[in-house]
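Structure first, commentary second.
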Amino acid sequence: MTPAELSRALTDALTAAAAAGELTVDPADVPAEVRVERPKNRDHGDWATSVALQLAKKAGRPPREVATVLAQRLAQVPGIAAVDIAGPGFLNVTLDAAAAGGLARDVVEAGAAYGRGTAIAGERIDLEFVSANPTGPIHLGGTRWAAVGDSLARVLEAAGAEVTREYYFNDHGAQIDRFARSLLARAHDEPAPEDGYGGDYVSEIAGQVIAKVPGLLEEPREVQQETFRREGVELMFAEIRESLAEFGVHFDVYFHEDSLHASGAVDRALARLRELGNVYEADGATWLRTSAFGDDKDRVVVKSDGQAAYISGDLAYYLDKRERGFDRAIIMLGADHHGYVARMMAMCAAFGDVPGKNLEILIGQMVRLLKDGVPVRMSKRFGNVVTMEDLVEMVGVDAARYSLVRSSADTSIDIDVDLLVRRSNDNPVFYVQYAHARTVNVGVNAAAAGVRREDAFDPSLLVAETESLLLAALAEFPAVVARAAELREPHRVARYLEELAGKYHKFYDACRITPRSDEDVTDVHRTRLWVNDATRQVLANGLQLLGVSAPERM
RNA sequence: GCCCUCGUAGCUCAGCGGACAGAGCACCGGACUUCUAAUCCGACGGUCGCAGGUUCGAAUCCUGCCGGGGGCACCA
């Protein structure tokens, strides 16, 4: 019996009790899905729920009475061994060993599909993340969004959504000009412009442009700058894509800001907003009335010199996403951009859309890299910022991705490089990966000893404490994935895997799967092999959601 | 000044309306002649920043204060 099945049994018990007149509850007050949770305390049964507490007021009865009514009905459900009422009115449910253990087979049979759900089936989501400007390599913050964003995409897909991963390529405007001037200056051995970019990579890119365009330095200065701009951005962008590919993050769409201006999309978006009465002219500029939708002040969309302001690209980009058929556009931004949220939401509302529904903005906090207990600030190539490349070089892709995705995006984190390269329990990536490798190895040994799954599966034999704890953890996986998708918090998957790995290690420690040399193979071994393989499947499925490899040997 | 965000064990972080607040690390003590000890078992460790409020119940929600970080352009 899975938690989902138990939840259904509870809902049925509620409606049945109401129908029989044992409870006077408005059908509207019966939750569609009763939350079933794993109690922290083992003495509180396998699963617990607080529905009785929640419904007591609506039913006009003390919580414990409501609980009693439910408990009587629930106790008759096959697979449920006991239902206890505890404290103020909690229902604590204990399952038969056989009913709990049946899950092992379900998981093995579901395979890679175990954990996937249909909560947001059919929803089309555009997820934009990283979107670092092509004026330099991806820094540590962008690396965090790459890890979290890609994992979130996977989690949303597991919940049934159709997700497009998108990268907004900011190749229009003043900072690209600054980049071009920096390349030009470096090519002529001049000092970098005051507002320009530093770091060795500027020389590298400049050198590559010169190599690619022979005779460039003999051209007029303006021609040179234009060439450096065009080629430099292209090279920088290629480098970013390469870093992302190495990091295991693939985007479906790389969207160029420039194309929005070139295609007239910006003008169309403005015309649309003007029709809706949300655009006006003042002081020689064109303004968007964002203050009417919760922003502090109105925003300039076309400057008085006729140049489009940065936000105009965002307007057109958002409209474009909606016109491409996405129900929902999600954008991940660093905390240093949170000031844009209000105006972006206002912009969304100005189009007549619903902020928070059609447009969602996730703000993530900063990352610091620590080495020998002090923040790392310098990068070899990039000067004063640490890059994705640096991190991967130091700790490898798996450790980098895992450590970035295991914390909630809204806490700032410190990453200890020394810890990440350690191959021990200190390091959560290895802890989880090791558990997976162990399940594989156990499977190999079991096969060699003649323990075969297909010979028997008798879940009533799974009576050890470590077995039932492990089974309960396996049962929770689908709910964890669903919750991670709903809350846009992929870190929940990582935390769950650490817990599961721990339960598995304890199970391994206490329960042999292959018999000792002087023992015969029994149904206990065979049934435990199902549990082992179910664990391997869930660890693999979970690591896949994080974009971290599940090694077979370590 | 205004806005956002965070403040949980010595450290890094979970938990975010439910039952005595958790994990890993660090420190201390145990467990390998048979499935990987990259593991397991035990001990130690916290006025959940502070003060009010809402609730049957608050680390979790609301208000104020204190402290860290970030943001407040006709920059991108």
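Letters A, B, ... are given to chains in the order of the sequence lines, protein chains preceding strands, and every chain is numbered from 1.
Taking atom P on both B:C16 and B:C62, the two are 15 Å apart, rounded to the nearest angstrom. Comparing B:C4 with B:C40, their P atoms are spaced 43 Å from each other, to the whole Å. Comparing B:A73 with B:A59, their C1' atoms are spaced 40 Å from each other, to the whole Å. Only the C1' atoms considered, B:G67 is 34 Å distant from B:C28, to the nearest whole Å. A gap of 28 Å separates the C1' atoms of B:C50 and B:C72, to the nearest Å. Comparing the C1' positions of B:A38 and B:A43 gives a spacing of 24 Å, expressed to the nearest Å. Comparing the P positions of B:U60 and B:U5 gives a spacing of 16 Å, expressed to the nearest Å. A distance of about 15 Å separates the P atoms of B:C61 and B:U8, rounded to the whole Å.
Between A:Gly502 and A:Ile513, the one whose closest nucleotide on RNA chain B sits nearer the 5' end is A:Ile513. Ranked by how close their nearest RNA chain B nucleotide is to the 5' end, A:Ser407 and A:Arg35 are led by A:Ser407.
Using a 4.0 Å heavy-atom cutoff across all strands shown, A:Gly173 reaches sugar-phosphate atoms only and no base atom. Across all strands, A:Ala437 comes closer than 4.0 Å to base atoms (heavy-atom distances). When heavy atoms are screened at a 4.0 angstrom cut-off, A:Asn441 is found touching base atoms of the nucleic acid. Using a 4.0 Å heavy-atom criterion, one finds that A:Ala48 contacts the bases of the nucleic acid, with or without backbone contacts as well. Within the nucleic acid shown, A:Ala335 comes within 4.0 Å of sugar-phosphate atoms alone, with no base atom in reach, counting heavy atoms only. Among the atoms of the strands shown, base atoms are found under 4.0 Å from some heavy atom of A:Leu53. Using a 4.0 Å heavy-atom cutoff across all strands shown, A:Glu552 reaches at least one base atom of the nucleic acid.
Although no hydrogens or angles enter the test, the distance criterion places no donor-acceptor pair under 3.5 Å between the side chain of A:Arg492 and the main chain of A:Ala484. A donor-acceptor pair under 3.5 Å links the side-chain atoms of A:Gln433 to the main chain of A:Ser549, judged by distance alone. In this structure, A:Glu519 contributes its side chain and A:Arg516 its backbone to a donor-acceptor pair below 3.5 Å. Although no hydrogens or angles enter the test, the distance criterion places a donor-acceptor pair under 3.5 Å between the side chain of A:Arg38 and the main chain of A:Asp46. Distance alone, capped at 3.5 Å, places no donor-acceptor pair between the A:Asp523 side chain and the A:Ala456 backbone. Judged by distance alone, the side chain of A:Thr290 and the main-chain N or O of A:Met347 form no donor-acceptor pair under 3.5 Å. In this structure, the side chain of A:Tyr496 engages the main chain of A:Ala473 through a donor-acceptor pair within 3.5 Å. Remark: the backbone N or O of A:Ser291 is paired with a side-chain donor or acceptor of A:Asp298 at under 3.5 angstrom. Judged by distance alone, with hydrogens and angles left aside, the side-chain atoms of A:Arg229 form no donor-acceptor pair with the main-chain N or O of A:Asp177 at under 3.5 Å. The closest donor-acceptor contact from the side chain of A:Trp530 to the backbone of A:Val108 lies at 3.5 Å or more, if one exists at all.
Between A:Arg406 atom CZ and B:C13 atom P there is a gap of 9 Å when expressed in whole angstrom units. One can place NE2 of A:His337 at 14 Å from P of B:A73, the figure rounded to the nearest angstrom. Spacing between atom CZ of A:Arg516 and atom P of B:U34 amounts to 8 Å, rounded to whole angstrom units. A:Phe430 has its CZ atom 16 Å from the C1' atom of B:G24, to the nearest Å. For the pair A:Met344 CE and B:C4 C1', the interatomic distance rounds to 16 Å; values are reported in whole Å. Regarding A:His505, its NE2 atom lies at a distance of 16 Å from the C1' atom of B:A31, rounded to whole Å. The CG atom of A:Asp518 sits 13 Å away from the P atom of B:C35 (whole-angstrom rounding).
Residue A:Ser412 places no side-chain atom within donor-acceptor reach of the base of B:C6, judged by atom type and a 3.5 Å distance cut-off alone. For A:His338 and B:G71, a side-chain-to-base donor-acceptor distance below 3.5 Å is absent, hydrogens and geometry of angles not being considered.
The listed nucleotides are B:A19, B:G70, B:G15; the one nearest the side chain of A:Pro39 is B:A19. In this structure, the nucleotide among B:A14, B:G18, B:A19 sitting nearest to the side chain of A:Ser408 is B:A14. Nearest nucleotide to the A:Asp336 side chain, out of B:G71, B:C35, B:U34: B:G71. Closest to the A:Val442 side chain, of the nucleotides B:C35, B:C74, B:C40, is B:C35. For A:His491, the listed nucleotide lying nearest its side chain is B:A14; candidates were B:A19, B:C40, B:A14. Out of B:U12, B:A19, B:G18, the shortest distance to the side chain of A:Gln54 is found at B:G18. Taking every side-chain heavy atom of A:Tyr431 into account, B:U39 is the closest of B:C41, B:U39, B:G17. Listed nucleotides: B:C74, B:G18, B:U34. Nearest to the side chain of A:Val300: B:C74. Nearest to the side chain of A:Asn92, among B:C35, B:A38, B:A19, sits B:A19. The side chain of A:Ala174 approaches B:C75 more closely than any other nucleotide in the set B:A14, B:C40, B:C75.
The OG1 atom of A:Thr439 lies 10.0 Å from the NE2 atom of A:His505; values are rounded to the nearest 0.5 Å.
Between the side chains of A:His525 and A:Thr522, a donor-acceptor pair is found at a separation under 3.5 Å.
Of the side-chain N and O atoms in A:Thr411, one or more sit less than 4.0 angstrom from OP1 or OP2 of B:A14. The side chain of A:Arg492 places an N or O atom within less than 4.0 Å of a non-bridging phosphate oxygen (OP1 or OP2) of B:C16. Between A:Lys506 and the phosphate of B:C41, there is a side-chain N or O to OP1/OP2 separation shorter than 4.0 Å.
Ring-base stacking between A:Tyr508 and B:C35 is satisfied, the centre separation being under 5.5 Å and the plane angle under 30°.
For RNA chain B, the neighbouring residues in residues 282-298 of chain A, judged by any heavy atom under 4.0 Å, are A:Asp283, A:Ala285, A:Trp287, A:Lys297.
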Just to be sure I follow the notation: if a pair is Watson-Crick (purine N1 to pyrimidine N3 plus N6-O4 or O6-N4) or a G-U wobble (N1-O2 and O6-N3), each under 3.5 Å, what dot-bracket string does RNA chain B give, with | for pairs to another strand? (((((((..((((....[...))))..((((.......))))......(((((..]....))))))))))))....
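An anti base is found at B:C35: its glycosidic angle is more than 90° from 0.
A salt bridge links A:Lys321 with A:Glu128: the distance from a Lys NZ or Arg NE/NH1/NH2 to an Asp or Glu carboxylate oxygen falls below 4.0 Å. Contact check on A:Arg230 versus A:Glu234 returns no salt bridge, with no Lys/Arg side-chain nitrogen under 4.0 Å from an Asp/Glu carboxylate oxygen.
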